[in-house]
Amino acid sequence: MHTDRYHAKCDGNCCNLCCTRIENLGVTKGHTTILENVNIHIHCGELTAIIGPNGGGKSTLLKALLGEVPYTGEFRFLNARGDRSIEPMIGYVPQHLDFDAGIPASVSDLFIACLSKKPAWLMRPGSIRKRALEGLRKVNAEHLLDRRLGALSGGELQRVLLALALDPVPNLLLLDEPVSGMDQGGLELFYSTVAELRHNYDLSIILVSHDFDQVYRHADRVVLLNRTVITSGTPQQVFSDEKTLKCFGITGFFADGMHVGPEGGNG
């Protein structure tokens, strides 16, 4: 869906667009509490970045939303009026794809393997190639269709995975540190592609990231997660919050970005 309408903000009780509500979510493993009382509200068309220390539960939160780990609490995707919860279509882009870089499989072959319910040899090559090409065009990567997977750069592979996550176009897109290991050019291209997708399809996006600079530049809302939500708000609010500064050892904050102290990092 393409829309030029404004993105409504919300006071926590209502909004003019569809939204994702995570309410009192908790995850335990044995006697260990991994997440507890997690409350996050996400609007369509907005990118919410999840930051936090290693082991704080960021990836576990995504796994809970994907249904890969049991959880308590509620996860609801509401329609624009907020009066009906629907089962959301969820797209997911992992940190990386594990495969043998020496295999002769192409990007087209990957689409066949991921999107077909039939063996590849029963598929009509023309139909799946057309679908793959349309998906790659959404992320400005149609030129990669016949490229061998092992020959792709990190940024190119992540755009291919993003294209797969958008077929079909989801209600909620989960990005788990998708730019880890990318060079600066690939990183900028990935984020500009995500920004274009937000505009064209009004997606709700949750991004797990350690890259504070990119989060500051691209996120609408930031959530600091360390077993529970420590603080949340705009990037300016969260990165100037004493809780965030203490968590990451950041020594100062400036209006146009962040200064990171020697004990911290921007990741």
Side-chain angles (χ1 to χ4, degrees), residues 9-15 18-44 46-78 82 85 88 90 92-95 171-178 180 204-216 218-251 253 258 260-261 263-267:
K9 301 302 179 183
C10 181
D11 61 5
N13 297 313
C14 63
C15 60
C18 54
C19 61
T20 300
R21 286 183 180 272
I22 301 167
E23 300 176 332
N24 302 316
L25 186 141
V27 175
T28 60
K29 185 175 182 180
H31 297 293
T32 302
T33 298
I34 301 173
L35 294 170
E36 62 178 346
N37 196 33
V38 173
N39 293 277
I40 304 173
H41 185 192
I42 300 159
H43 306 285
C44 290
E46 290 192 349
L47 189 156
T48 296
I50 310 293
I51 65 172
N54 291 332
K58 301 183 298 295
S59 292
T60 298
L61 175 62
L62 297 194
K63 290 178 181 179
L65 300 184
L66 289 167
E68 294 181 1
V69 297
Y71 63 88
T72 57
E74 288 190 304
F75 164 46
R76 297 186 294 158
F77 186 85
L78 303 175
S85 179
I90 300 177
Y92 173 61
V93 179
Q95 292 183 38
N171 305 111
L172 177 63
L173 179 62
L174 307 180
L175 307 175
D176 190 1
E177 298 189 51
S180 178
S204 295
I205 303 175
I206 298 177
L207 165 72
V208 169
S209 179
H210 285 95
D211 191 328
F212 287 4
D213 291 335
Q214 294 300 324
V215 166
Y216 183 82
H218 296 285
D220 297 292
R221 181 167 294 274
V222 179
V223 176
L224 173 58
L225 184 70
N226 189 10
R227 196 171 75 168
T228 191
V229 174
I230 305 301
T231 186
S232 66
T234 66
Q236 295 89 342
Q237 289 170 333
V238 171
F239 286 123
S240 60
D241 191 309
E242 290 184 1
K243 301 182 187 72
T244 307
L245 304 181
K246 181 178 180 181
C247 183
F248 293 103
I250 299 173
T251 60
F253 176 87
M258 292 163 296
V260 180
E263 294 181 0
N266 70 342

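Everything numeric in this text was worked out from a predicted model, so none of it was measured.
- Rounded to the nearest 0.5 Å, atoms CD (Glu46) and NE2 (His41) are 9.0 Å apart.
- Here the closest heavy-atom approach between residue Val215 and residue Ala49 is recorded as CG1-CB, 3.6 Å.
- Results of the side chain to side chain contact (heavy atoms under 4.5 Å, CB included) test with Leu225 over Ile40, Val208, Val38 single out Val38 as the only residue that passes.
- Within the model, atoms CD1 of Ile205 and SG of Cys44 stand 10.5 Å from one another, a figure rounded to the nearest 0.5 Å.
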Distance-only donor-acceptor hits, side chain of residues 59-67, under 3.5 Å, sequence neighbours excluded:
residue, atom, partner, partner atom, Å
Ser59, OG, Asp176, OD1, 3.4
Ser59, OG, Asp176, OD2, 3.2

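- For the pair Glu23 and Arg76, the salt-bridge criterion is met [side-chain N within less than 4.0 Å of a carboxylate O].
- Looking at heavy atoms from C-beta onward, Phe239 lies in side-chain contact with Ile51 at the 4.5 angstrom threshold.
- Residues Asn24 and Thr72 are not in side-chain contact: their nearest non-hydrogen atoms beyond the backbone lie 4.5 Å or more apart.
- Nearest heavy atoms, Pro88 versus Phe75: CG-CZ, 4.1 Å.
- Taking NE2 of His218 as the reference point, atom CG of Asp213 lies at 10.0 Å (rounded to 0.5 Å).
- The two residues Pro235 and Ala219 make their nearest non-hydrogen contact at CG-O, 3.3 Å.
- Annotation: the span from His43 atom NE2 to Thr20 atom OG1 amounts to 10.0 Å, rounded to 0.5 Å.
- The two residues Gly52 and Leu224 have their closest heavy-atom pair at CA-CD1, 3.8 Å.
- Evaluation of the side chain to side chain contact (heavy atoms under 4.5 Å, CB included) rule for Pro94 yields Tyr92, Leu161 as partners, not counting sequence neighbours.
- Side-chain atoms of Lys243 do not come within 3.5 Å of backbone N or O of Val238 as any donor-acceptor pair.
- For residues 222-231, the pairs satisfying side-chain hydrogen bond (donor to acceptor under 3.5 Å, both in side chains) are Glu36-Arg227, Thr231-Asp241, with sequence neighbours left out.
- For the pair Pro178 and Leu207, the tightest heavy-atom approach, listed with the atom from each and the gap, is CD-CD1, 3.5 Å.
- Contact between Glu177 and His210 at its shortest, heavy atoms only, is OE1-ND1, 3.1 Å.
- Distance check: Leu174 CG to Ile50 CD1 gives 10.0 Å after rounding to the nearest 0.5 Å.
- Between the CD1 atom of Ile22 and the CG atom of Asn39 there is a distance of 9.0 Å, given to the nearest 0.5 Å.
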